[in-house]
Every structure is written in structure tokens, then in C-alpha cells.
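All residue numbers refer to positions in the sequence shown, counting from 1. Whatever order the structure lists ligands and atoms in, that order sets their numbers, starting from 1. Note: hydrogens, waters and symmetry copies are ignored here, and every other heavy atom, side chains too, is used.
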Amino acid sequence: MGPVQIKQLINSTPVGESVEVKGWVRTKRESKNAIFIALNDGSTIHTIQAVAEPGQLPDDLLRLITTGSCIKVTGQLVASLGSGQSVEVKIQDVQVYGTADPEVYPLQPKKHSLEFLREIAHLRPRTNTFGAILRLRHTLAYAVHKYYNDNGFFYLHTPIITASDAEGAGEMFRVTTLDMYNPPKDEAGKIDFKEDFFGRETNLTVSGQLEGELGALALSKIYTFGPTFRAENSNTTRHLAEFWMIEPEMAFFELQDNMDLAEDFVKYVIRYALEHCADDLAFLEKRQAEEEKNKPQNERSMPLLEKLRFVVDSPFERLTYTEAIDILVKSKAHKEKKFQYPVEWGIDLQSEHERYLVEKHFKKPVILTNYPREIKAFYMKQDDESAAAPGPTVRAMDVLFPGIGEIIGGSQREENYEKLLQRVHEVGIEPESLWWYLETRQFGTAPHAGFGLGFERLVLFVSGMGNIRDVIPFPRYPKSAEF
Ligand code: ATP
Ligand code: MN
């Protein structure tokens with residue numbers, strides 16, 4: 001189907017057969033003896049070299065073949081004499097599909113900063129770095145579906161537009177068709193959302209979890225994989241306003257099963273990327289080393305492939321929040337007041353604390369469990385009071401990764417109707433707004449658990465990139481929605 005891809009061509013044996021290659025010119029080099037054109041079609045990080053004899057191509061055609069132009073080369077696939085590739089195309093004919101005036105085409109064959117490339121997100125997929133990231137992203141997404149399919153999970157499509165603002169996971173974006181300049185008002189002078197499209201206030205979802213639970217309490221094992229939105233004004237390297245989340249939800253799973261699944265799942269998808277994206281990962285490893293070459297030795301990251309193999313091969317460290325606080329309080333960093341935020345039982349761990357545990361103390365991924373009830377969502381299952389902790393805790397689990405901090409957040413869910421209802425009241429949610437969620441605890445309730453993995457945080461980790469805005473094709477963040 002369609003033309004042969006460069007990925008296939010560079011792996012085929014040259015038999016002098018005639019081929020047609022279509023792609024974008026990366027470079028053109030003219031020497032005394034030949035003209036070399038490096039062509040890439042995005043199917044691989046590699047280019048194929050097309051070679052013409054001097055004078056073979058008319059000057060006015062040759063002039064149009066510049067970096068960024070799109071061409072079709074017809075020729076013969078032959079063994080390459082040059083180093084670095086085994087085959088090349090001996091040009092018979094070139095057709096130019098589209099030129100790219102070198103005076104204005106922004107992507108020239110030199111190093112561009114990631115900040116600059118973000119401003120030309122419509123063209124950055126044509127760079128080596130973004131080509132590699134986008135192929136990696138695809139492969140990881142495919143591995144996610146494969147993992148769950150092979151393990152008896154069903155892909156459940158949860159809604160993007162939601163009326164419940166109760167999830168409490170973050171600030172939401174409003175969805176409305178009301179006239180913002182002249183909204184209908186009720187008797188009290190407030191905006192009358194009964195007049196709105198859905199007859200109520202609606203938002204973009206921050207998580208598919210609550211609906212995911214409804215699926216799990218019927219199909220036993222489901223997962224969602226869809227876009228989620230958070231209007232939090234966090235200008236960090238780990239937050240986007242629009243990101244993709246993978247949320248498995250399982251009936252008859254308790255906290256231990258949930259942890260086992262999370263660990264097995266992330267290791268599987270990373271292993272899958274190692275097996276299927278070797279060339280792109282090798283490129284990204286070199287890129288990272290290049291990026292960090294001016295850093296002092298002790299601040300450089302572990303080489304990318306070594307880091308990924310290490311994560312796949314080592315068991316994640318599992319401990320409770322209470323044990324983690326103990327480690328942090330006893331740490332040198334705490335005693336020397338190196339932490340910006342104070343540490344004591346009950347705090348919501350900051351990224352600096354999470355990274356201390358992962359990068360300095362355990363030097364591997366960590367799963368923290370049994371967090372204080374007050375800092376976690378209302379739907380998490382409450383621990384027995386006998387739990388060894390200074391205050392009430394819930395069966396939460398966060399998976400923390402080096403360089404990232406929290407990559408997964410999850411828990412066993414509260415299946416007891418009375419206890420759940422009490423938490424709903426305590427955190428100030430109107431029970432009526434969640435009647436359908438609460439009813440699942442009245443009709444055939446079951447122990448169940450689940451978690452959410454931020455897909456871009458996974459891609460960030462596996463690619464070794466430094467900013468989450470560079471691992472999604474068209475990032476959405478405060479003051480930016482250009483493309
Ligand atoms: P954080 O504390 O890092 O802001 P969170 O506690 O708000 O994250 P959850 O509500 O538990 O995150 O969401 C589950 C997962 O979604 C997180 O573990 C993370 O991988 C990812 N995630 C959360 N917020 C964002 C965001 N703004 N951009 C990208 N990924 C995110
Ligand atoms: Mn969380």
C-alpha cells in the first residue's frame with residue numbers, strides 16, 4: 001500500500017532494482033564527483049542517500065532541491081560505497097513536489113533550541129528529535145493497548161464533557177454555549193445554566209476514573225486512555241493543560257494487586273519501547289548526553305538506555321507514606337534545611353521530597369502507600385484505625401520515578417456505601433451530584449482499585465527529554481494554544 005518507506009528500503013538488499021522514494025530533503029551536498037541528497041520520510045530516524053552524477057540534473061531543477069523541499073526520486077537501489085549506510089539510490093530522475101525557500105524555511109541543518117522549535121510546532125515533527133519522540137510516543141501508546149488487551153481488560157470510552165466537578169483533581173475548563181457577553185440570569189442575578197446546552201454547568205474532564213469505576217463494576221477489568229484537562233496555572237516542566245491519561249480500573253483488586261499491576265504495566269511498556277524503538281532511543285540517548293555535556297559529572301543523568309534497562313530490571317521499592325516521612329525527617333537534607341518545604345507527617349509531599357526518596361535515598365522507582373486521608377481524594381478506601389500511622393490513612397499508592405516525581409497516582413476505592421457517603425459530606429460535595437456513583441455501592445458493590453498514569457510523563461521519562469511540552473505534538477499550556 002502506498003510507496004515503499006525508507007525504513008524498509010534501508011534494510012533491503014540491493015539487487016539493482018528500480019525504486020521510487022518520496023520524502024523531505026534533509027541535506028544536499030555537491031562534490032566534484034557527485035551530488036548527494038539525504039532524504040527522510042519520517043518512517044525512521046535514518047535518511048536514505050540519493051546520488052546523482054555532476055551535471056546529470058539540470059541546474060534549474062537542482063536549485064529547487066534544498067533542505068525542507070519535498071521530492072520524488074526514481075532510481076536504482078545499489079550498494080553504497082560510502083560509510084554509514086549499506087544502500088543508496090542511484091538517481092535516474094527527480095520530481096519536486098514542493099520547494100522550501102532557504103531564505104525563509106526555518107529548519108536549517110543546524111542545532112535549533114527546543115524553545116524555538118516550540119514556536120514552530122507545525123514544522124518540528126520534521127526534525128530528528130521530534131521524529132524520534134513521535135515514533136516513540138506512538139509505540140508506547142500501542143504497547144499500552146496491547147498490554148491491556150493481552151491481559152483481559154476492555155477499553156472503555158469515558159466522556160470528555162462532564163457535569164461532575166467533584167473529582168477534585170484540579171481546576172476545570174468550562175464548556176458552554178451561552179453568550180458570554182449577555183448570559184441569561186436567574187432571579188438572584190446569577191448566570192442561569194439551565195439555559196445552557198446541557199441544562200447545567202459542564203466542564204472538560206480531569207479524569208475518567210469515576211465512570212471507569214462504573215465499567216469495572218460490570219466488566220471487571222477496564223482501562224481508559226483519553227485526553228484530560230486541567231486549568232491549573234502550573235508553569236512547570238511536568239504539567240500540561242491538556243494531557244492523555246491511562247486509567248485502569250479493576251473489580252476484585254486490592255491495594256497489593258493494584259501495585260503489582262502498575263509495576264508490571266510500566267515495565268512492560270518500557271521494555272516494549274526498548275525492543276521496538278532501538279534506533280530512536282539510541283538517538284535520544286546521544287541527544288541527552290550532548291545536552292548535558294557542560295554539566296558537572298555528578299549532575300549528569302544516567303545514559304538513557306542504561307536508565308531504562310535499570311528500571312525494567314529492578315523491583316520498585318514499596319513503603320508507606322509514614323515510613324517515607326520518617327526517612328525524610330532523618331535525612332541530611334532535612335537537617336541541613338535543604339528542603340524548601342517543611343517535612344512533617346500530614347504534608348502533601350512536594351516534588352523535592354519525592355525526588356529525594358527516588359534519586360538520593362533508594363536510587364530506583366518507589367511506590368508510596370497509605371497516605372494521610374486528609375490530603376487524598378474522597379473515594380479512596382479508608383485504612384483500619386489500627387494502621388501504624390499518627391493519623392487516619394487511606395489505601396492510596398503513588399508511583400514515583402527518577403527525574404519526574406509522581407508518574408502514577410492510584411488507590412483501592414472505598415466500596416462501603418456509608419463510609420463513602422460520610423467522606424462525601426466531609427469534603428463538602430453534594431451527594432445528589434454523584435448519585436449514580438454512590439448507587440454502585442448500594443447495588444452489588446465490590447472491592448476494587450485503579451490508578452492513573454499520565455501518558456506524557458511516561459513519554460518524558462522514556463525519551464529523556466526535559467520538558468513535558470516537548471513530548472506531545474501540540475502542547476497546551478498557559479497562554480499557548482497556537483497550533
Ligand atoms: P501532580 O501532583 O504531579 O500535579 P496530581 O496528583 O495532580 O499530579 P493525579 O490527579 O493523581 O495527579 O493524576 C494522575 C496522573 O496524571 C499523575 O500521576 C500524573 O502522571 C498525571 N498528571 C497529573 N496532572 C498532570 C498535568 N497537568 N500534566 C501532565 N500529566 C499530569
Ligand atoms: Mn496524585
Side-chain angles (χ1 to χ4, degrees), residues 137 140-141 144 158 162 164-173 204-210 212-213 223-249 258-259 261-263 265-266 269-270 316 321 341 347-355 357-358 365-369 371-372 374-380 394-413 449-463 465-478 480-481:
R137 194 181 154 98
L140 286 168
V144 166
T158 50
T162 166
S164 69
D165 58 356
E167 289 138 10
E171 292 297 307
M172 303 178 97
F173 290 100
L204 293 178
T205 189
V206 293
S207 155
Q209 181 201 318
L210 298 189
E213 286 187 45
Y223 70 105
T224 71
F225 188 174
T228 47
F229 307 86
R230 300 199 181 171
E232 45 195 6
N233 201 356
S234 30
N235 271 298
T236 77
T237 54
R238 297 172 301 109
H239 290 90
L240 289 164
E242 175 180 299
F243 64 101
W244 289 66
M245 185 132 72
I246 297 139
E247 296 178 277
E249 202 63 46
N258 206 23
M259 285 194 273
L261 178 75
E263 182 168 344
F265 163 56
V266 272
V269 295
I270 295 174
F316 294 1
Y321 167 93
Y341 295 88
I347 60 153
D348 203 356
L349 293 180
Q350 298 294 323
S351 173
E352 57 174 349
H353 307 134
E354 297 176 340
R355 293 183 63 168
L357 292 167
V358 174
V366 168
I367 310 183
L368 288 190
T369 59
Y371 281 72
E374 304 314 319
I375 59 168
K376 287 292 183 188
F378 74 95
Y379 49 70
M380 295 192 181
V394 287
R395 292 204 190 152
M397 55 156 232
D398 278 7
V399 182
L400 314 178
F401 261 36
I404 307 273
E406 180 187 330
I407 193 162
I408 287 178
S411 72
Q412 187 173 340
R413 316 305 187 191
F451 60 80
L453 167 78
F455 186 56
E456 283 73 22
R457 294 216 183 148
L458 174 71
V459 184
L460 194 60
F461 181 75
V462 180
S463 66
M465 297 295 288
N467 193 322
I468 200 162
R469 298 172 183 181
D470 297 327
V471 299
I472 185 165
F474 305 105
R476 298 285 179 260
Y477 50 93
S480 177

[X] and ligand 1 - part of the residue with a heavy-atom distance under 4.0 Å:
{"X": "Asp398", "answer": "neither"}
{"X": "Arg230", "answer": "side chain"}
{"X": "Glu456", "answer": "neither"}
{"X": "Ile407", "answer": "backbone"}

Atoms in ligand 1 with a heavy atom of [X] nearer than 4.0 Å:
{"X": "Gly409", "answer": "18 (O)"}
{"X": "Ile468", "answer": "29 (C)"}
{"X": "Arg238", "answer": "3 (O), 28 (N), 29 (C)"}
{"X": "Gly454", "answer": "15 (C), 16 (O), 20 (O), 21 (C)"}
{"X": "Ile408", "answer": "18 (O)"}
{"X": "Glu232", "answer": "27 (N)"}

Among Arg476, Arg469, Arg137, find the residue that satisfies the salt bridge (Lys or Arg N to Asp or Glu O under 4.0 Å) test when tested with Glu456.
->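 So, applying the salt bridge (Lys or Arg N to Asp or Glu O under 4.0 Å) to Glu456 and each of Arg476, Arg469, Arg137, only Arg137 qualifies.
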
Can you tell me how far apart [atom1] ([X]) and [atom2] ([Y]) are? Round to the nearest 0.5 Å.
{"X": "Ile347", "Y": "His353", "atom1": "CD1", "atom2": "NE2", "answer": "4.5 Å"}
{"X": "Ile404", "Y": "Leu458", "atom1": "CD1", "atom2": "CG", "answer": "8.5 Å"}
{"X": "Leu368", "Y": "Leu357", "atom1": "CG", "atom2": "CG", "answer": "6.0 Å"}

Between Ala231, Gly405, Pro475, Gly452, flag the one that comes closest to atom 15 (C) of ligand 1 by a heavy atom.
->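 Among Ala231, Gly405, Pro475, Gly452, the closest heavy atom to atom 15 (C) of ligand 1 belongs to Gly452.
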
Shortest heavy-atom approach to atom 3 (O) of ligand 1 - which of Glu354, Met245, Arg457, Glu406 |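 Considering heavy atoms of Glu354, Met245, Arg457, Glu406, the nearest to atom 3 (O) of ligand 1 sits in Arg457.
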
Parallel under 30°, tilted from 30 to 60°, perpendicular over 60°: which one fits the rings of Phe451 and Phe265?
->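 Aromatic pair Phe451/Phe265 classed tilted.
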
Would you call the rings of Phe316 and Phe401 parallel, tilted or perpendicular, where under 30° means parallel and over 60° means perpendicular?
->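 It falls in the perpendicular class, over 60°.
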
Indicate whether any N or O donor in one side chain lies under 3.5 Å from an N or O acceptor in the other, for Tyr379 and Gln209.
->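 Yes, because at least one side-chain N or O of Tyr379 sits under 3.5 Å from a partner of the opposite role on Gln209.
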
Specify the closest pair of heavy atoms between Asp470 and Met465, including all atoms of both residues, with the distance to one decimal.
->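 What the structure gives for the nearest pair is CB-CE, 3.8 Å.
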
Quick check: does Phe243 get an N/O under 3.5 Å from an N/O on ligand 1?
->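 In fact, backbone or side chain, Phe243 has no N or O that close.
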
Apply ring-ring contact (aromatic ring centres under 6.0 Å, His included) to Tyr477 and Phe243, showing your working.
-> CA-CA 10 Å; Tyr477 50 93; Phe243 64 101; over 10 Å; no

